[in-house]
Amino acid sequence: MLQIAQYRKLKRIAWSSFSNLYFTNDKLVELTLPRSYVCTEVQKSWLTTHCTLTGDKNLILMGPPGAGKTTVGRIIGQKLGCPVIDVDNDILEKTWNMSVSEKLQDVGNEQFLEEEGKALINFTASGSVISLSGSNPMHATSMQHIKKNGIVVYLDVHSGDILDRLHLMKVNRIIGQNSGTSMKDILQKRKQFYKKWHDVRVFCEAGITAEMMANKVLTEVKRYQDSESETFVSTRSTLPDKYEQKYSAKHFSDVVIEGLASDGGLFVPERKLPKLSAGEWESLLGASYIERAQILLEKCIHPADVPAVNLGEIVEVAYGNNFACSKIAPVRHLMGNQYILELFHGPTASFKDLALQLMPHLFAYCIPRTCNYLVCAATSGDTGSAVLDGFSRLNDSDKKRIAVVSLFPEDGISHIQKSQMIGCQRGNGWSIGVTSDFDFCQKTVKQIFTNLEYTGFLAAEYGTTLSSANSINWARLLPQVIYHASAYLDLVAQGVISFGDPVDICIPTGNFGNILAAVYAKLMGIPIRKCICCSNQNNVLTDFIRTGLYDLRGRKLISSISPAIDILKSSNLERYLHLISDWNGQLVAGLFSQLEKVHHFQLPKDFIGRLQKDFVAGCCSEEDCLATIHSVYRTTGYILDTHTAVAKTVADRLQDRSCPVIISYTAHYSKFAPAILQALRIEEIKPDPLSQLHLLHSFTPLPPAHKALIETLKQKEKQNHRVCAADVKAVFSQIETILQNHFQKVY
């Protein structure tokens, strides 16, 4: 019998309703009979036709005691017209000839798990809805057996609801219940087992009914079965024919690997990101950053690309031990209505770590095992070290087939940033200083991708395929949505606001990725009122948001003390324009073609209103930036870095104080020690970066010193880096030399 998983490889199917789509004679057909009639007929003949949602496979409901598995299973069974099996009542008690509570009292906790596992191992079924016991997932062998022929659905129910139900039910058959451990702790401990086995998570807000849960199960299983429903297109796609459009669409794993679309555009979801209800967001208030990340990423990454279990492992590796703060991205009150989102606790001390501790593992999971890959990145300061560090943490096997090259402006980043980038070269990573600015570096990376002769040469000579780790890669941008959502939830959890109250987000902006991630968080249901776009003297974005004119004519990049936003061409702006133009790839392609040819474009008048609905913008001088650092330190004892000071200065001018504003603290101030010491009115500053850091930390400031940054700088003394002229061919030559050393030639 043809399975849905096989069928979907042949044809993309848009399902409007589960209950009227069935397999019969190895074909997917739609029945137009009334639902009640269909169920009646199926109940009579399910053993021979298996006309169910999952074919021969079982739908296996898993979750903690009190999650409602039995009730939800019965409702789903009625909807699908298939048998419903409750493990407690239909398997365990019939096998043992006694109640589950009696068995637990008779043999004790550990033996009970073994007896329960044996009973499940001896059980087989197909085409059924199976409601597991709360403790089944704690027995690995039996779960491996039951999962072979089923889709495991995790009912992730709000813990408050579960505790209320268990209290009302007076349940006395839960392992560990009589050990003195609180029920809350028992439920928390069991989460690790549920995360290990689920294919599909049904995330349930507080107060949800069993009927609503059943409908959610069907919706999520439908998504699981239909991998063709979540595809990506280029921001510049102009294919008019809908069939050609579908043919050109990519999946998540494709866009992670390819990075940049072949037409020079950026990949975006063909459909909008999923929107969570207020209740679902509120259910995440008590969750850790890692838990929030996994749940949100599961909703945005199809399990056919990265299964939920593997995704969970990747999230744990990325955020489990690599951050100096257990909260990963904590929110701290600064003054008045201003709050700081601290994004510098990662190993390279910038917000880039929040994505680049995760993205390399997603990349390594998605790529074919038979190819070599060259990951190219351009950096204005922080991306380079974060890319090199993130990819250096892959296992040895992955590092052998993935080489990483970071291009940076040789004289366009801070001394400490440069030292850090050189110190992060480990095994499979190299940094190349280019005697030009960031815009040249970014343009060169894009040219590498679109130069078919060069990419063909790399494939032929070294069996190597190109990819990108800049925020032009969707897997770089997506994780940034998480910390904006998490920051809002933290303010709610701290009692600063109630869910639904608006906040403003204020971000020092260069390549537009960080602030675009805030827009995506808003689209997913976070109540963000305005995004405040903050520039230094390279204020092309400020002018654009105010006028709709993106104008590079006569502009030259100005080096500043906030180098990460020394950018004139903001790549991710393209994704935003594609969004507000309602996926009009032809318009976007035209605008950026005009920018390339005549160095400016004017946004159509009706789009300017949409732009200004999401954004306000302002810029800040060097003098005002330094004054803000000094003022905040004198008032609070807290040191801002030079980019966050730009954002704070602009927030003071533009934000109306009618709601809280969350200011993104994007990189630890230690990276910009000379400017910070200048702002603090220190007259004698030694040129050695480590000496500068020691002097800075003698102030015992908040935030405290970043220890990982100091250790990386010490490594710099042991390494060199490559420098080349501002010439694309010269960059190509440097890359080829690196590949000769890292990969064997293909003969």
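Please read these numbers as outputs of a predicted model, since none were measured by experiment.
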(request) Check whether any side-chain heavy atom of Ile314 lies under 4.5 Å from a side-chain heavy atom of Leu297, and answer yes or no. (result) no
(request) Rounded to the nearest 0.5 Å, what's the gap from OG1 on Thr70 to CD1 on Ile75? Could you check? (result) 11.0 Å
(message) Taking Ile60's backbone N and O only, do any of them form a donor-acceptor pair with Asn58's side chain (distance below 3.5 Å, no angle check)?
(response) no
(message) Is it the case that the side chain of Ser131 and the backbone of Lys69 share a donor-acceptor pair, with hydrogens and angles ignored and the cut-off at 3.5 Å?
(response) yes
(message) Any salt bridge linking Lys195 with Glu316? Criterion: basic side-chain nitrogen under 4.0 Å from a carboxylate oxygen.
(response) yes
(message) Before you tell me yes or no, could you show the steps for Glu258 and Ser467 under side chain to side chain donor-acceptor pair (under 3.5 Å), namely the whole-Å CA-CA distance, both residues' side-chain angles and the distance that decides it to 0.1 Å?
(response) CA-CA 5 Å; Glu258 295 177 25; Ser467 190; over 6 Å; no
(request) Starting at CG of Leu296, measure out to CD1 of Ile482 and round the result to the nearest 0.5 Å. (result) 6.0 Å
(request) Anything under 30° is parallel, anything over 60° is perpendicular, the rest tilted; go ahead and classify Tyr194 against Tyr154. (result) tilted
(message) Ile301 vs Leu478, test: side-chain contact (heavy atoms from CB on, under 4.5 Å). Steps then yes/no.
(response) CA-CA 10 Å; Ile301 301 174; Leu478 179 60; 3.9 Å; yes
(message) Testing the basics here: between Ile528 and Ala518, what is the closest heavy-atom pair and its distance to 0.1 Å?
(response) CD1-O, 3.4 Å
(request) Verify, without hydrogens or angle tests, whether Asp199 (side chain) and Val152 (backbone) share a donor-acceptor contact under 3.5 angstrom. (result) yes
(message) So which atom in Asp156 and which in Ile295 form the shortest heavy-atom distance, rounded to 0.1 Å?
(response) OD2-CD1, 3.9 Å
(request) Give the minimum heavy-atom separation between Leu92 and Ala119, together with the two atoms involved. (result) CD2-CB, 3.7 Å
(request) State, to 0.1 Å, how close Ile151 and Val200 come at their nearest heavy-atom pair, and which atoms those are. (result) CG2-CG2, 4.0 Å
(request) State whether the side chain of Lys147 and the backbone N or O of Trp197 hold a donor-acceptor pair below 3.5 Å, judged by distance alone. (result) yes
(request) Could you tell me whether Glu280 and Lys275 make a salt bridge, using a distance below 4.0 angstrom between a side-chain N and a carboxylate O? (result) no
(request) Would you check if the side chain of Ser283 reaches a backbone N or O of Gly279 as a donor-acceptor pair within less than 3.5 Å? (result) yes
(message) Check Asp490 with Arg292, please: is the shortest side-chain N to carboxylate O separation under 4.0 Å?
(response) yes
(message) I'd like to check Ser277 versus Glu205 (side-chain heavy atoms, cut-off strictly below 4.5 Å). Are they in contact?
(response) yes
(message) Using only atom types and a distance under 3.5 Å, with no angle test, would you say the side chain of Tyr319 pairs donor to acceptor with the backbone of Leu354?
(response) yes
(request) Step by step, work out the side chain to side chain donor-acceptor pair (under 3.5 Å) result for Asn215 and Lys79. (result) CA-CA 9 Å; Asn215 289 334; Lys79 289 177 178 288; 3.2 Å; yes
(message) Looking at Glu230 and Lys299, is there a salt bridge between them, counting it only when a charged N and a carboxylate O are closer than 4.0 Å?
(response) no
(request) Identify the heavy atoms of Asn109 and Leu104 that sit nearest to each other, and give their distance. (result) OD1-CD1, 3.5 Å
(request) Starting from the C-alpha separation in whole Å, work towards a yes-or-no answer on salt bridge (Lys or Arg N to Asp or Glu O under 4.0 Å) for Asp86 and Arg74. (result) CA-CA 9 Å; Asp86 181 79; Arg74 288 171 181 161; over 6 Å; no
(request) Let me see the working for Ser142 and His145 under side chain to side chain donor-acceptor pair (under 3.5 Å), right down to the final yes or no. (result) CA-CA 5 Å; Ser142 62; His145 165 74; over 6 Å; no
(request) Would you sort out whether Val519 and Leu579 count as a side-chain contact (heavy atoms from CB on, under 4.5 Å), showing the intermediate values? (result) CA-CA 10 Å; Val519 173; Leu579 175 68; 4.1 Å; yes
(message) For Ser126, is there any backbone N or O sitting under 3.5 Å from a side-chain donor or acceptor partner on Ser128?
(response) yes
(request) For the residue pair Ser135 and Arg190, establish whether any side-chain heavy-atom pair is separated by less than 4.5 Å. (result) yes
(request) Could you grab the distance from atom CD1 of Ile76 to atom NZ of Lys216, nearest 0.5 Å is fine? (result) 13.0 Å
(request) Answer whether the closest heavy-atom distance between the side chains of Trp281 and Tyr488 falls below 4.5 Å. (result) no
(request) Assess the side chains of Glu228 and His251: does a donor N or O sit below 3.5 Å from an acceptor N or O? (result) yes
(request) Work out which heavy atom in Ala355 is nearest to a heavy atom in Pro360; give both atom names and the distance. (result) O-CD, 4.4 Å
(message) Return the CZ to CG distance between Arg575 and Leu266, rounded to the nearest 0.5 Å.
(response) 4.5 Å
(request) Give a yes or no on whether the backbone of Ile526 and the side-chain of His484 come within a donor-acceptor separation of less than 3.5 Å. (result) no
(request) Supply the atom-to-atom distance Gln144 CD to Ile121 CD1, rounded to the nearest 0.5 angstrom. (result) 9.0 Å
(message) Is the shortest side-chain heavy-atom distance between Leu155 and Arg201 below 4.5 Å?
(response) no
(message) Taking side chain to side chain contact (heavy atoms under 4.5 Å, CB included) as the criterion, tell me which of Val306, Val315, Asn473 meets it with Leu362.
(response) Val306
(message) I'd like to know if Glu116 pairs up with Lys103 as an ion pair, taking the criterion as any Lys NZ or Arg NE/NH1/NH2 lying under 4.0 Å from an Asp or Glu carboxylate oxygen.
(response) no
(request) Could you tell me whether Trp583 and Phe232 have their ring centroids closer than 6.0 angstrom? (result) no
(request) Begin with the C-alpha distance, continue with both residues' side-chain angles, and end with the deciding distance and a verdict on side-chain contact (heavy atoms from CB on, under 4.5 Å) for Asn149 and Thr124. (result) CA-CA 9 Å; Asn149 190 40; Thr124 58; over 6 Å; no
(message) Taking Gly585's backbone N and O only, do any of them form a donor-acceptor pair with Ser237's side chain (distance below 3.5 Å, no angle check)?
(response) no
(message) With a sphere of 6.0 Å drawn around CG of Asn321, does it hold more than 12 non-hydrogen atoms of other residues, nucleotides or ligands?
(response) no
(request) Please tell me if the side chains of Phe267 and Val233 come closer than 4.5 Å, counting only heavy atoms from C-beta onward. (result) no
(request) Report yes or no: does Glu291 contribute a side-chain atom to a donor-acceptor pair with the main-chain N or O of Ser288 at less than 3.5 Å? (result) yes
(message) Quick one, His198 and Val153 - any side-chain contact, counting heavy atoms below 4.5 Å?
(response) no
(message) Is it true that Ser99 and Glu93 share a donor-acceptor pair across their side chains at a distance under 3.5 Å?
(response) no
(message) Once rounded to the nearest 0.5 Å, what's the spacing between atom CZ of Phe112 and atom CG of Asp106?
(response) 11.0 Å
(message) Would you say that Leu187 contacts Lys184 through its side chain, given a criterion of any heavy-atom pair below 4.5 Å between the two side chains?
(response) no
(request) Let me see the working for Phe499 and Leu489 under side-chain contact (heavy atoms from CB on, under 4.5 Å), right down to the final yes or no. (result) CA-CA 8 Å; Phe499 192 90; Leu489 295 175; 4.3 Å; yes
